[in-house]
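Here's the structure we're looking at; comments come further down.
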Amino acid sequence: MAVLTTARVLSHPRTADLISTLVENTFVRKFVVKALEKEVYKRAIVENVGKRLRRAQEDKFYMVRSMIYALDRAFRDGLISPRMWGKIFKVFVGNIFVNDTEWRDAFVARHGQGSAPPAFITISPGKRCNLQCVGCYAGSTAADAEKLEYDLVSRILRDKTEKWASHFTVISGGEPLMWRSQGKGILDLAREHQDNYFLMYTNGTLIDERVAEEMAELGNISPAISVEGFKEETEERRGKGVYERILRAFRNLRKVGVPFGISVTATRFNVDTLTKDEFWDFYMLEQGA
Ligand code: SF4
């Protein structure tokens with residue numbers, strides 16, 4: 001109960017504002033990280049004893065815990081700005097972690113296990129892309145065809161937020177940063193839906209300084225940038241010159257404190273690289289993913 005209360009207090013808008021300024025203090029940040037870890041453990045494991053498979057719940061706990069620790073490390077190393085941290089608190093902890101989870105628990109209590117609507121959606125607003133990767137899963141091209149209009153995408157987000165208590169949105173593609181409709185793009189969507197946190201799968205080549213700065217100003221969108229390994233594997237599939245543009249995107253994001261991840265497709269061609277410590281050390285420790 002004490003832990004639940006802690007999470008609720010931490011995610012209150014006023015407390016979150018205060019914490020976003022205090023979080024530079026290592027002691028405060030450590031306290032917050034510990035409180036979150038305890039709450040995740042309670043919700044994932046303690047409250048599900050006898051209800052869900054323990055191993056599956058443990059996997060969920062370890063996944064969320066590693067995200068919390070990755071964010072802590074990113075902040076400690078100066079890779080995440082106080083504004084982003086504040087937004088992560090309000091939206092991730094407040095909306096997604098506390099409010100959405102409580103809504104979902106109440107829904108299940110009323111309608112039974114397995115009845116709750118999805119906690120998030122993945123939406124691909126358009127198929128257009130500036131690359132031509134070998135074996136593109138989306139069959140993308142440079143043509144501005146097969147896309148959803150901005151108003152429709154925005155309405156889908158509004159509906160799932162209001163009706164499903166879902167404040168997390170995954171954007172896929174095509175290349176999301178090439179999607180334009182009704183004079184707007186993906187960052188306008190993040191601006192309009194400030195109560196959502198967006199994870200955007202992107203090839204990263206269009207994240208220049210201006211785009212990175214806009215993401216930092218918005219505070220509610222993080223990119224997961226595709227790599228296939230190191231330069232050789234990445235350019236083999238994605239094209240010559242792409243790797244340098246990806247490293248440039250990492251630099252631009254680090255500079256303004258936007259947390260980012262990498263997205264990797266394991267194949268028989270890159271599995272040896274992906275299973276080496278060197279690969280993970282490079283992206284996680286050197287590049288700050
Ligand atoms: S970046 Fe993604 S969407 Fe674009 S061609 Fe490559 S795999 Fe397809």
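Within the 4.5 Å cutoff, the side chain of Phe260 has no heavy atoms near those of the Ser222 side chain. Arg29 places a side-chain heavy atom less than 4.5 Å from the side chain of Asp72. Within the 4.5 Å cutoff, side-chain heavy atoms of Pro117 are placed close to those of Trp103. Counting only heavy atoms from C-beta outward, the side chains of Glu149 and Arg155 never approach each other to under 4.5 Å. With contacts defined as side-chain heavy-atom distances shorter than 4.5 Å, the pair Thr202/Ser226 does not qualify. Looking only at side-chain heavy atoms (C-beta outward), Ile262 and Trp280 come within less than 4.5 Å of each other. A heavy-atom distance below 4.5 Å is found between the side chains of Leu189 and Ile186. Looking at heavy atoms from C-beta onward, Met200 lies in side-chain contact with Leu177 at the 4.5 angstrom threshold.
The structure places CZ of Arg237 at 10.5 Å from CG of Leu131, a figure rounded to the nearest 0.5 Å. Rounded to the nearest 0.5 angstrom, His167 NE2 and Asn99 CG are separated by 7.5 Å. Note that the CE atom of Met67 and the CZ atom of Phe92 stand 4.0 Å from one another [nearest 0.5 Å].
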| message | Please determine whether side chain to side chain donor-acceptor pair (under 3.5 Å) holds for the pair Asp195 and Thr161, giving the CA-CA distance in whole Å, both sets of side-chain angles, and the decisive distance to 0.1 Å. | response | CA-CA 9 Å; Asp195 55 356; Thr161 303; 4.9 Å; no
| request: Decide yes or no on side chain to side chain donor-acceptor pair (under 3.5 Å) for Ser166 and Asp100, but give the supporting numbers first. | output: CA-CA 6 Å; Ser166 159; Asp100 292 1; 5.5 Å; no
| task | Apply side chain to side chain contact (heavy atoms under 4.5 Å, CB included) to Glu233 and Phe269, showing your working. | result | CA-CA 8 Å; Glu233 296 96 336; Phe269 301 114; over 6 Å; no
| message | Go through it in stages, so that I can follow the logic: the residues are Arg238 and Gln132, the test is side chain to side chain donor-acceptor pair (under 3.5 Å), and I'd like the CA-CA distance, side-chain angles, deciding distance and then a yes or no. | response | CA-CA 7 Å; Arg238 300 188 160 260; Gln132 289 180 294; over 6 Å; no
| field | Stepwise side chain to side chain contact (heavy atoms under 4.5 Å, CB included) test for Glu286 and Asp281 | value | CA-CA 7 Å; Glu286 278 185 46; Asp281 287 351; 5.9 Å; no
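The minimum heavy-atom distance linking Leu79 with Gly288 is given by the pair CD1-CA, 3.6 Å. Residue Lys160 comes nearest to Phe168 through the heavy atom pair NZ-O, 2.9 Å, listed as atom of the first residue, atom of the second, then distance. Across all their heavy atoms, Leu274 and Gly229 have their closest contact at CD2-CA, 4.4 Å. Heavy-atom minimum distance, Lys87 versus Leu218: NZ-O, 3.6 Å. Across every non-hydrogen atom of His193 and Asn220, the tightest pair is O-ND2, 3.3 Å. Contact record, Glu192 with Ser154: OE2-OG, 2.9 Å, taken as the closest heavy-atom pair.
Judged purely by atom type and a 3.5 angstrom limit, Ser263 has no side-chain atom pairing as donor or acceptor with the backbone of Tyr201. Proximity of a side-chain donor or acceptor of Gln182 to a complementary backbone N or O of Asp151 within less than 3.5 Å is detected. No donor-acceptor pair under 3.5 Å is formed between the side chain of Arg55 and the backbone N or O of Glu58. Side-chain N or O atoms of Arg104 include one that pairs as donor or acceptor with a backbone N or O of Trp164 at under 3.5 Å. At least one donor-acceptor pair closer than 3.5 Å links the side chain of Thr141 to the backbone N or O of Ala143. Judged purely by atom type and a 3.5 angstrom limit, Lys147 has no side-chain atom pairing as donor or acceptor with the backbone of Ser181. Formation of a donor-acceptor pair under 3.5 Å by the Trp179 side chain with backbone atoms of Leu148 is found in this model. Not one N or O on the side chain of Asp159 forms a donor-acceptor pair closer than 3.5 Å with the backbone of Ile156. Of the possible donor and acceptor atoms, none in the side chain of Asp188 sits under 3.5 Å from a partner among the backbone N and O of Lys184. Between the side chain of Lys51 and the main chain of Glu47, a donor-acceptor pair closer than 3.5 Å is present.
We find that Glu162 and Arg158 are not joined by a salt bridge, their nearest charged nitrogen and carboxylate oxygen being 4.0 Å or further apart. Under a 4.0 Å N-O distance rule, the pair Glu175/Arg128 does not qualify as a salt bridge. The existence of a salt bridge linking Glu244 and Lys231 is excluded, since no basic side-chain nitrogen approaches an acidic carboxylate oxygen closer than 4.0 Å. Ion pair Lys240/Glu235 not flagged as a salt bridge, since none of the NZ, NE, NH1 or NH2 atoms sits closer than 4.0 Å to an Asp/Glu carboxylate oxygen. For Asp208 and Arg248, the salt-bridge test fails: no basic side-chain N is under 4.0 Å from an acidic carboxylate O. Salt bridge status for Glu37 with Lys34: present, with a side-chain N to carboxylate O gap under 4.0 Å.
Evaluated for a side-chain contact (heavy atoms from CB on, under 4.5 Å) with Ile225, the options Asn203, Ile246, Thr205 yield exactly one hit, Ile246.
When the side chains of ILVMFWY residues are joined at heavy-atom separations under 4.5 Å, either directly or via intervening members, Leu187 and Val170 end up in a single hydrophobic cluster. Linking ILVMFWY residues whenever their side-chain heavy atoms come closer than 4.5 Å, directly or via other members, places Leu253 and Val242 in the same cluster.
For Phe279 and Tyr283, the ring centers are positioned less than 6.0 Å apart.
Side chain to side chain, Asn196 and Thr169 meet the donor-acceptor criterion of an N or O pair below 3.5 Å. Between the side chains of Glu228 and Thr265, no donor-acceptor pair of N or O atoms lies under 3.5 Å.
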